[in-house]
Amino acid sequence: MAEAHRRHDLLDVEPGAWAAAVIARADLAEVPHVAAWVNDGRPVILRRSHPGEDAGRVPVGLPLPPRDGKRRIGLALPPDAIRPRAPVLLSEARAACPPSWAATLEALIALGERHGLAPRPFGSLLWQSLTGLPYLSEGSDLDLLWPVPGAVPSRLMEGIAAIEARAPMRLDCEILLPDGGGVNWRELHGAGPGGTVLVKHRDRLALREAAALLAGDPE
């Protein structure tokens, strides 16, 4: 069954609900950016639920920039306090990247186009493009989501591997499956015949056979 809200979804929050959630957390009183986060026009991201959290509330998070401690802030909000925001595409985030990344980004965007897919940034690139705060450095990984509408093309894995081999950064890619689960591209690519991979959902982890997720590619 598909999930109503999926890991990595961007969400806008009603300002009053955000203020109430932050005030209820004494440990956030002096943390930079958090109190004004929503009023500054910034979204939060859907995260995995923690054991014991209220299932009736929506688990959200935001990361602070490295200069402010790189802390990950997690809150749980009422469902009526959030609304979805359109995802950011890699093609829309290019301006936030170091110049040395340009050729790699163009190759990844072209790879997506060959497979009818649109990669999306997460991690440092996403947050720098959304906030203008300094999350990225020359040594950062490039974190990407690859939403697929069905089985995962085997040649997509091969293409990512070929691009990473000549890239100036490590590629940390997660394949987003139609049911909302996410699988690490490197694990899927290296699973081999009969191998299994870990699939992450909003509220659970599952082991799946790699072969059941992959599609044979036409010649």
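Computed over heavy atoms, backbone and side chain alike; hydrogens, waters and symmetry mates excluded.
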Could you check Leu213 against Val197 for side chain to side chain contact (heavy atoms under 4.5 Å, CB included), going step by step and ending with a plain yes or no? CA-CA 10 Å; Leu213 302 178; Val197 292; 3.7 Å; yes
Taking all non-hydrogen atoms of both residues, which atom of [X] and which atom of [Y] are closest, and how far apart?
{"X": "His201", "Y": "Arg48", "value": "O-NE, 3.3 Å"}
{"X": "Trp18", "Y": "Val34", "value": "NE1-O, 2.9 Å"}
{"X": "Ala215", "Y": "Ser154", "value": "O-OG, 3.1 Å"}
{"X": "Leu125", "Y": "Ala96", "value": "CD1-CB, 3.9 Å"}
{"X": "Arg25", "Y": "Gly74", "value": "NH1-O, 2.7 Å"}
{"X": "Leu75", "Y": "Arg47", "value": "O-NH2, 3.0 Å"}

Joint hydrophobic cluster, [X] plus [Y], side-chain heavy atoms closer than 4.5 Å:
{"X": "Leu90", "Y": "Leu176", "value": "no"}
{"X": "Leu145", "Y": "Leu177", "value": "no"}
{"X": "Trp146", "Y": "Leu10", "value": "no"}
{"X": "Leu62", "Y": "Leu136", "value": "no"}
{"X": "Val13", "Y": "Trp127", "value": "yes"}

Whether over 12 other heavy atoms sit under 6.0 Å from Arg72 CZ: no
For [X] and [Y], indicate whether the former's side chain and the latter's backbone hold a donor-acceptor pair under 3.5 Å.
{"X": "Glu92", "Y": "Leu89", "answer": "yes"}
{"X": "Arg186", "Y": "Leu171", "answer": "yes"}
{"X": "Gln128", "Y": "Tyr135", "answer": "yes"}
{"X": "Glu209", "Y": "Ala212", "answer": "no"}

So does [X] pair up with [Y], basic N to acidic O under 4.0 Å?
{"X": "Glu106", "Y": "Arg94", "answer": "yes"}
{"X": "Arg71", "Y": "Asp27", "answer": "yes"}
{"X": "Glu174", "Y": "Arg7", "answer": "yes"}

Between [atom1] of [X] and [atom2] of [Y], what distance do you get to the nearest 0.5 Å?
{"X": "Glu53", "Y": "Asp203", "atom1": "CD", "atom2": "CG", "answer": "11.5 Å"}
{"X": "Asp54", "Y": "Ser49", "atom1": "CG", "atom2": "OG", "answer": "10.0 Å"}
{"X": "Asp80", "Y": "Glu14", "atom1": "CG", "atom2": "CD", "answer": "8.5 Å"}
{"X": "Asp40", "Y": "Leu130", "atom1": "CG", "atom2": "CG", "answer": "13.0 Å"}
{"X": "Leu117", "Y": "Leu111", "atom1": "CG", "atom2": "CG", "answer": "8.0 Å"}
{"X": "Ser91", "Y": "Leu105", "atom1": "OG", "atom2": "CG", "answer": "9.5 Å"}

Pairwise side-chain contact, [X] with [Y], heavy-atom cut-off 4.5 Å (strictly under):
{"X": "Ile175", "Y": "Val148", "answer": "yes"}
{"X": "Pro121", "Y": "Asp143", "answer": "no"}
{"X": "Asp141", "Y": "Met169", "answer": "no"}
{"X": "Arg202", "Y": "Leu46", "answer": "yes"}
{"X": "Leu144", "Y": "Ile160", "answer": "no"}
{"X": "Lys70", "Y": "Leu64", "answer": "no"}
{"X": "Pro84", "Y": "Asp9", "answer": "no"}
{"X": "Arg42", "Y": "His33", "answer": "yes"}

Aromatic rings Trp185 and His189: how do their planes relate, parallel, tilted or perpendicular, breaks at 30° and 60°? parallel
Determine, step by step, whether Phe122 and Cys173 satisfy the side chain to side chain contact (heavy atoms under 4.5 Å, CB included) criterion, reporting the C-alpha distance in whole Å, the side-chain angles of both residues, the deciding distance to 0.1 Å, and the verdict. CA-CA 9 Å; Phe122 71 105; Cys173 301; over 6 Å; no
Mind running side chain to side chain contact (heavy atoms under 4.5 Å, CB included) on Asn184 and Asp172 for me, showing each step along the way? CA-CA 8 Å; Asn184 181 277; Asp172 184 5; 3.8 Å; yes
Determine whether Leu205 and Leu198 satisfy the following criterion, side chain to side chain contact (heavy atoms under 4.5 Å, CB included), listing intermediate values before the conclusion. CA-CA 7 Å; Leu205 302 174; Leu198 183 68; 3.9 Å; yes
